[in-house]
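I have placed the structure first, in the form of structure tokens, so that the comments after it can refer back to it.
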Amino acid sequence: MKKISWIISCTLVLVAGVISCTKLNNKDYATIVTSQFTPGPADVAALVGVPYTSWRTLQLGRSANAIWRTNEISADETVIPERPNGWVDGGIYQRVHYHKWTPDEDNCFQIWTNAYAGITNCNRLLYQIDANQIPIPTGKTRLLAELRVLRASFYYALIDFFGNVPIDTSFNVPASYEPTQSTRPQVYSFIISELTANVPLLDSANDATTYGRFNIWAGYTLLAKMYLNAGVYNGSPDWADCIAACNKVIQSGAYSLEPVQENVFATNNSGSKEIVFSIPFDQIYTADGNTAWTLHMETLEPENQATYNFQNSPWGGICAIPQFINTFDPDDNRLSANWVQGQQFNSAGDTLIGQLGAYRGKPLTYINALPGVDSSEEIHGFRLGKFQIQQGELVGMSNDFPLFRYADVLLMKAEASLRSGDANTAAALVTTVRQRDFTLNPAKATVTGTQLSQPTVYSYGLRNHLTTSFDNVSDISFGRMLDELGWEFTQEGRRRQDLIRFGVFTTKSWLSHSPNGDYRSLLAIPTSALQTNGNLKQNPGY
């Protein structure tokens, strides 16, 4: 059984979450809670689990149009092209690829709404605990700190995608309350203040009691993320504090790299010593359309049902952008381990035959070619296979999602060191991560500081059935470091953030995408939020 009983049990607790777009409702839950029980340790874990569940919908969201998909298909690694069996869906995936999304996109709505749902649940519990409506017999200070760090993690998502957002820390407010909007630097200062004050108060344990929760090391990893992106969020890079936060995690000795990267993404990965903070999933308990982790269904073609003996037919869809695949060293194990490619077979080893489009009746062979976001056949594009796909998989997967992992801590320190002028430290850290990925040619695992400062090997430019062009890449500082992040963290729903930090997201072309304005580094505040809060102003450019 996966280590998610505490987070699943929260659904049985009679405490209702308030889902809103920053407009908080004044409801009294004291009667329900205090009149029925005095919570013990298990009850407290279930109570705090309520806001944690918002990370599932925030990361994946209803119809998956939330953080993971938005960060993936808006960037240069993956795309959802038009397929013979559909995947047009009103043009939403093409607009995201083109960087032509609007305030009415589901992506904007899902990220905004689910982040504020988590914040609202944190505010509610903080209010109830402070007012002693939920009596906490022991560990009250630590629990309050955990809720504040968890709340800060939702603001981390908001500052990354929207920038200028309201800061809400209260719950018992009038029904007419409309929070005011803060600037991105103000939101940054608030998050840093919350984390620096509360992370040291968190539990230092790294075991089943803290799995899927913010312990002190997950808190420092979140703090490092904020410092890593400080130049984007408030205009002032803070490499030194990023390194210091990473060192806290490294020196703890609580985590280490898995000898094989696949272990981090296995079906039963809750015991991985590399995972710092995960979002738990289970194909039985998190199987509804709003919380299921359905990557295998979104990337494999229907014929692959026979490969894995799925109970349902996959939908086809998301695949690799060929330009990204071409950046891999052929000896890099991550190229073969993370991507489903080549001829496809059923579970008995028989050749699968295509059933859709122009390649109907021909062998189903995934190739590293793609006409464009507006055109593809079943064979086009390597498919996403980083998360283990097990035989008999249901619509939802049981692989926990590692939002933070130890390799990320090492490479955050590496990037911050490189940008601070300490290329030797950066090279040693990058080499450490690469050593598990070049088993056939170990010498290739070693990189130097000089190499990390070289240009990217990504060949940017338009590459589709309509246009071919080539972009200059000499203006991308530390391009090889960006490549290292792509090779290690592909399919983990973070590429957009990395491209923004390296100045690529709004300046370069790939596949069918051309730059469409620097303001596209932020999403539009959703129309629904503007309509319910008169204090909000739309982000520039929309």
Side-chain angles (χ1 to χ4, degrees), residues 71-79 81 97 261 299 318-342 366-370 372-373 380-386 407-408 411 414-415 418 426-427 430-431 433-441 443-464 468-505 507-515:
N71 273 338
E72 284 288 331
I73 68 172
S74 67
D76 62 357
E77 291 183 356
T78 59
V79 64
H97 178 75
Q261 191 204 54
T299 190
I318 192 169
C319 68
I321 292 175
Q323 287 156 279
F324 175 66
I325 294 297
N326 290 336
T327 67
F328 279 88
D329 187 307
D331 289 332
D332 190 337
N333 296 341
R334 294 169 294 192
L335 175 59
S336 58
N338 293 344
W339 300 98
V340 180
Q341 53 194 279
Y366 295 140
I367 64 174
N368 186 38
L370 182 62
V373 69
H380 288 129
F382 288 0
R383 304 309 166 93
L384 283 62
K386 190 172 195 174
D408 193 8
L411 293 189
E415 181 184 337
L418 183 65
V430 173
T431 297
V433 174
R434 288 170 58 90
Q435 283 174 337
R436 63 184 174 186
D437 301 313
F438 289 87
T439 53
L440 296 180
N441 195 340
K444 286 188 175 182
T446 301
V447 296
T448 66
T450 300
Q451 288 175 316
L452 292 178
S453 300
Q454 290 175 349
T456 174
V457 299
Y458 197 115
S459 180
Y460 284 102
L462 293 171
R463 306 294 162 79
N464 57 71
T468 297
S469 66
F470 296 87
D471 289 359
N472 174 41
V473 298
S474 63
D475 57 341
I476 304 173
S477 298
F478 308 111
R480 172 60 186 273
M481 185 71 219
L482 176 61
D483 293 340
E484 293 291 346
L485 298 179
W487 297 327
E488 178 61 26
F489 300 113
T490 179
Q491 304 174 39
E492 294 183 51
R494 55 170 281 166
R495 182 64 171 179
R496 167 191 157 274
Q497 185 186 89
D498 292 338
L499 291 185
I500 291 171
R501 195 171 60 256
F502 280 81
V504 174
F505 188 67
T507 63
K508 303 301 177 186
S509 303
W510 52 84
L511 192 63
S512 304
H513 160 81
S514 295

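Note that the numbering runs from 1 along the sequence shown for the chain. Model, not experiment: these values are computed from the prediction.
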With a 4.5 Å heavy-atom cut-off, do H380 and I367 have their side chains touching?
yes
D332 side chain reached by F438 side chain, heavy atoms, under 4.5 Å:
yes
E484 side chain reached by R434 side chain, heavy atoms, under 4.5 Å:
yes
Report yes or no: does D331 contribute a side-chain atom to a donor-acceptor pair with the main-chain N or O of K444 at less than 3.5 Å?
no
Kindly give the heavy-atom pair with the smallest separation between Y458 and V473, and that separation in Å.
O-CG1, 3.9 Å
Do the charged groups of D471 and K508 touch, with an N to O distance under 4.0 Å?
no
Between H97 and S512 (side chain of the first, backbone of the second, donor and acceptor by atom type, cut-off under 3.5 Å), is there such a pair?
yes
Measure the spacing between CD of E77 and CZ of F489 and express it to the nearest 0.5 Å.
11.0 Å
For A427 and G449, the nearest pair of non-hydrogen atoms, with its separation, is CB-N, 3.5 Å
Look at R501 together with D498 and state whether they make a salt bridge at an N to O cut-off of under 4.0 Å.
yes
Counting distance only, does the side-chain N/O of Q341 pair as donor-acceptor with the main-chain N or O of Y366 below 3.5 Å?
no
Looking only at atom types and distance, does a side-chain atom of S514 sit under 3.5 Å from a main-chain N or O of S509, one as donor and one as acceptor?
no
State whether the side chain of T299 and the backbone N or O of I318 hold a donor-acceptor pair below 3.5 Å, judged by distance alone.
yes
Residues R334, R436; criterion side-chain contact (heavy atoms from CB on, under 4.5 Å); working and verdict:
CA-CA 10 Å; R334 294 169 294 192; R436 63 184 174 186; over 6 Å; no
Quick check on side chain to side chain contact (heavy atoms under 4.5 Å, CB included): which of T78, N71, L482 does R495 satisfy it with?
L482
Please report the shortest heavy-atom distance between W510 and V504, naming the atom on each side.
CZ3-O, 4.1 Å
According to side chain to side chain donor-acceptor pair (under 3.5 Å), who are the partners of N464, at least two apart in sequence or on a separate chain?
none
N/O donor-acceptor pair under 3.5 Å between Q323 side chain and L511 backbone
yes
Could you tell me which non-hydrogen atom of P330 sits nearest to which non-hydrogen atom of L335, and how far apart they are?
CA-CD2, 4.3 Å
Between R480 and L452, is any pair of side-chain heavy atoms under 4.5 Å apart?
yes
When you look at W339 and N368, which way does the side-chain contact (heavy atoms from CB on, under 4.5 Å) test go after all the steps?
CA-CA 11 Å; W339 300 98; N368 186 38; over 6 Å; no
Please round to the nearest 0.5 Å and tell me the distance separating atom SG of C319 and atom CD1 of I325.
9.0 Å
State, with a plain yes or no, whether a side-chain heavy atom of N326 is found less than 4.5 Å away from one of S459.
no
Would a distance-only check, ignoring hydrogens and angles, find a side-chain to backbone donor-acceptor pair under 3.5 Å from Q497 to R494?
no
Determine yes or no for a side-chain-to-main-chain donor-acceptor pair under 3.5 angstrom, with T327 supplying the side chain and V457 the backbone.
no
For a quick test of reading the model, state the closest non-hydrogen atom pair linking H513 to F505 and the distance between them.
NE2-O, 4.0 Å
Closest approach of M481 and L411, non-hydrogen atoms and distance?
CE-O, 3.9 Å
Backbone of E492 reached by a side-chain donor or acceptor of K386 within 3.5 Å
no
Anything under 30° is parallel, anything over 60° is perpendicular, the rest tilted; go ahead and classify W487 against F328.
tilted
Treating E488 as the side-chain partner and A407 as the backbone partner, does any N or O pair qualify as donor plus acceptor under 3.5 Å?
no
Cation-pi, F470 ring and R463 (6.0 angstrom, 45 degrees)
yes
